[in-house]
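Encoded as structure tokens, the structure appears first; notes follow it.
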Amino acid sequence: VQLQASGGGLVQTGGSLRLSCAASGFSLDYYTISWFRQAPGKDREGVACIRRSDGYKYYAGSVKGRFTISRDNAKNTVYLHMNSLEFEDTAVYYCAAGGVRPILSSWARPELYEHWGQGTQVTVSS
């Protein structure tokens with residue numbers, strides 16, 4: 001069981017990136033998938049979530065309207081489309097999979113997720 005996050009890089013303020021989270025060993029469509037990020041000296045925070053079963057999506061307030069999470073079951077991959085990137089988006093981004101079906105108050109809790117990818121660095125330069 002493995003999650004592979006990729007797609008990070010260096011981008012200028014206002015630019016875009018697409019992160020990918022590919023799964024091997026299990027089918028992503030049976031899991032809730034979330035993206036988290038962690039900047040130096042800060043706690044890990046939930047960025048976006050796509051819930052199992054119904055595909056309901058949650059977003060952190062700081063990224064709502066700029067980031068979009070999507071799922072491609074045929075490719076067993078979840079994406080995070082990031083637009084209008086800001087310096088404050090600089091962090092290591094992680095994808096995580098959990099068998100839960102979270103609600104608004106719980107989706108961003110890291111302890112709900114059993115499987116984690118290795119992280120991909122996103123750096124936004126001003």
Side-chain angles (χ1 to χ4, degrees):
V1 174
Q2 193 173 13
L3 289 173
Q4 181 75 35
S6 62
L10 175 64
V11 64
Q12 289 187 328
T13 301
S16 299
L17 282 174
R18 187 185 75 169
L19 305 185
S20 299
C21 177
S24 58
F26 66 103
S27 179
L28 279 180
D29 57 349
Y30 293 111
Y31 286 80
T32 288
I33 308 299
S34 288
W35 285 94
F36 289 79
R37 67 185 181 187
Q38 189 165 21
K42 294 188 176 181
D43 292 334
R44 189 168 297 193
E45 64 169 341
V47 175
C49 171
I50 185 165
R51 194 167 66 183
R52 63 186 289 261
S53 301
D54 59 8
Y56 196 84
K57 300 175 183 179
Y58 298 105
Y59 295 96
S62 59
V63 306
K64 204 165 188 178
R66 300 188 297 121
F67 291 11
T68 302
I69 189 169
S70 64
R71 183 198 302 263
D72 186 334
N73 289 337
K75 294 184 178 180
N76 211 26
T77 300
V78 170
Y79 301 100
L80 184 68
H81 306 262
M82 307 187 295
N83 297 319
S84 302
L85 282 161
E86 303 169 355
F87 177 76
E88 291 74 21
D89 296 318
T90 296
V92 178
Y93 283 70
Y94 301 87
C95 59
V100 296
R101 195 167 179 271
I103 58 176
L104 179 60
S105 61
S106 65
W107 71 268
R109 291 167 51 189
E111 62 268 27
L112 294 183
Y113 299 88
E114 303 99 88
H115 308 295
W116 289 81
Q118 83 289 0
T120 184
Q121 175 71 48
V122 172
T123 303
V124 184
S125 64
S126 56

Is the centre of the Phe26 ring less than 6.0 Å from the centre of the Tyr31 ring?
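Distance test on ring centres: under 6.0 Å, yes.
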
Which hydrophobic side chains are connected to Leu112, either touching it within the sub-4.5 Å cutoff or through other members that do?
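Once heavy-atom contacts under 4.5 Å are chained together, Leu112 belongs with Phe36, Tyr56, Tyr58, Val92, Tyr94, Val100, Ile103, Leu104, Trp107, Tyr113, Trp116.
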
Check for a donor-acceptor pair, side chain of [X] on one end and backbone N or O of [Y] on the other, with a separation under 3.5 Å.
| X | Y | answer |
| --- | --- | --- |
| Gln118 | Ala5 | yes |
| Thr120 | Gly8 | yes |
| Arg51 | Pro102 | yes |
| Lys57 | Ile69 | yes |

As an exercise, state the distance from [atom1] of [X] to [atom2] of [Y], rounded to the nearest 0.5 Å.
| X | Y | atom1 | atom2 | result |
| --- | --- | --- | --- | --- |
| Leu3 | Ser20 | CG | OG | 12.5 Å |
| Ser34 | Ile50 | OG | CD1 | 9.5 Å |
| Leu80 | Trp35 | CG | CH2 | 6.0 Å |
| Leu17 | Leu85 | CG | CG | 5.5 Å |

Nearest heavy-atom pair of Gly99 and Glu114: which atoms, and what distance?
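Looking at all heavy atoms of both residues, the closest pair is N-OE2, 3.1 Å.
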
Show the nearest heavy-atom pair for residues Asp89 and Arg37, with the distance to one decimal.
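Shortest heavy-atom separation between Asp89 and Arg37 comes out as OD1-NH1, 2.9 Å.
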
Have [X] and [Y] got a donor and an acceptor in their side chains that come within less than 3.5 Å?
| X | Y | result |
| --- | --- | --- |
| Gln4 | Ser6 | no |
| Arg18 | Tyr79 | no |
| Asp72 | Thr77 | no |
| Ser70 | His81 | yes |

Does any non-hydrogen side-chain atom of [Y] lie less than 4.5 Å from one of [X]?
| X | Y | value |
| --- | --- | --- |
| Arg71 | Ile33 | yes |
| Val122 | Thr90 | no |
| Glu45 | Asp43 | no |
| Val47 | Tyr93 | yes |
| Glu86 | Arg66 | yes |

For Arg101, check salt bridge (charged side-chain N to carboxylate O under 4.0 Å, His left out) against everything at least two apart and list the hits.
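In terms of salt bridge (charged side-chain N to carboxylate O under 4.0 Å, His left out), with neighbours along the sequence ignored, Arg101 is linked to Asp54.
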
Could you pull out all residues at least two apart from Cys49 that satisfy disulfide (SG to SG under 2.5 Å)?
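Disulfide (SG to SG under 2.5 Å) list for Cys49, sorted by chain: empty.
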
Candidate pair Ser27 and Asn76, rule side chain to side chain contact (heavy atoms under 4.5 Å, CB included), full reasoning
CA-CA 6 Å; Ser27 179; Asn76 211 26; 4.2 Å; yes

Can you confirm whether more than 12 heavy atoms, excluding those of Gln12, are under 6.0 Å from its CD atom?
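Not buried by this count: 12 neighbours or fewer within 6.0 Å.
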
Same cluster (ILVMFWY, side-chain, under 4.5 Å), Leu10 and Met82
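No.
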
With clusters defined by side-chain heavy atoms of hydrophobic residues (ILVMFWY) lying less than 4.5 Å apart, directly or transitively, does Phe87 cluster with Val63?
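No, it is not one cluster - the side chains of Val63 and Phe87 are not joined through contacts under 4.5 Å.
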
